[in-house]
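Just below is one structure, and these are the notes that go with it.
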Amino acid sequence: EIVLTQSPGTLSLSPGDRATLSCRASQTVTNTYLAWYQQKPGQAPRLLIYGASSRATGIPDRFSGSGSGTDFTLTISRLQPEDFAVYYCQHYGTSPPMYTFGQGAKLEIK
Amino acid sequence: EVQLVQSGAEVKKPGESLKISCKGSGFIFATYWIGWVRQMPGKGLEWMGLIYPGDSGTRYSPSFQGQVTISADKSITTAYLQWNTLKASDTAMYYCVRQNSYDHDLDYWGQGTLVTVSS
């Protein structure tokens, strides 16, 4: 079973800063099946990045995803006030079909 | 517009049964895998399982196999999550999700159904 470990657990930054969130897999995973989600308080999560680096519909270009193998990164280039939230990475495994989420990373205002 | 609209919040007692629903619209419901994700209070996301409404095929997380039942009625484009015997530890927010057919990400989420189990 693949385990996803996100770091840091909490990141304190100011609007306008650059945020870098990490997701490390316990074994090599397929980029196609690596996604990132954003969850704001009291809301359902929403898809940000799929296939490790493709932005979902309507997601601003300040959000970008990168990485391969076991190490993946979500970067937010210029933080806006609405970007402070919890972020989850997620992997889909095919044999057997299985979704695994990272434990989440909180991006808070400094 | 793709939408997943879930049933309202529930308050139940331990030992009771419960079935919550998720109605899809704006897409061909029978041709997408629909799943459920649990979020316990203050915690992260846990995938529970999936159903393909076209043939009612299911996939469960080992953590939830035998604990819940996922079903669907494609004629009314609705998926369900059911418990026969609720426990206090089932208290959580439950989200239904649509699986993207190509990349298998969870591209649409319902608004969530809060289930509270308390004596």
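Predicted model, so just to flag it, every value in this text is computed and none were measured. Throughout, a chain's letter reflects where its sequence line sits, starting with A, and its residues are numbered from 1.
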Identify whether Ile34(B) and Leu106(B) are in the same connected component of the hydrophobic contact network (ILVMFWY, side-chain heavy atoms under 4.5 Å).
-> no

Assess whether atom CD1 of Ile2(A) is packed by more than 12 heavy atoms of other residues, nucleotides or ligands within 6.0 Å.
-> yes

Verify the cluster assignment for Val5(B) and Val2(B): are they in a single hydrophobic cluster under the rule of side-chain heavy atoms below 4.5 Å apart?
-> no

Can Leu50(B) be reached from Met48(B) by stepping across I, L, V, M, F, W or Y side chains whose heavy atoms are under 4.5 Å apart?
-> no

Which of Ala35(A), Gly51(A), Pro97(A), Pro96(A) touches chain B most, by non-hydrogen pairs under 4.5 Å | Pro97(A)

Please tabulate, one pair per line, all N/O donor-acceptor pairs under 3.5 Å involving side-chain atoms of residues 68-76 of chain B, not counting sequence neighbours.
residue, atom, partner, partner atom, Å
Asp73(B), OD1, Ser75(B), N, 3.0
Asp73(B), OD1, Ser75(B), OG, 2.5
Lys74(B), NZ, Gly54(B), O, 3.2

With hydrophobic residues grouped by side-chain heavy-atom distances under 4.5 Å, do Val86(A) and Ile76(A) end up in a single group?
-> no

Determine whether Leu114(B) and Leu81(B) fall in the same hydrophobic cluster, where Ile, Leu, Val, Met, Phe, Trp and Tyr are linked whenever their side-chain heavy atoms lie under 4.5 Å apart.
-> no

Heavy-atom closest pair, residues Ala44(A) and Gly110(B) | CB-O, 3.3 Å

Between Pro62(B), Gly44(B), Gly49(B), which shows the greatest number of heavy-atom pairs under 4.5 Å with chain A?
-> Gly44(B)

Output all donor-acceptor pairs under 3.5 Å across chain B and chain A; consider backbone as well as side chains.
residue, atom, partner, partner atom, Å
Gln39(B), OE1, Gln39(A), NE2, 2.9
Gln39(B), NE2, Gln39(A), OE1, 2.9
Gln39(B), NE2, Tyr88(A), OH, 3.3
Tyr95(B), OH, Gln39(A), NE2, 3.3
Tyr95(B), OH, Gln43(A), O, 3.4
Gln99(B), NE2, Tyr99(A), OH, 2.8
His104(B), O, Tyr99(A), OH, 2.6
Leu106(B), N, Tyr37(A), OH, 2.8

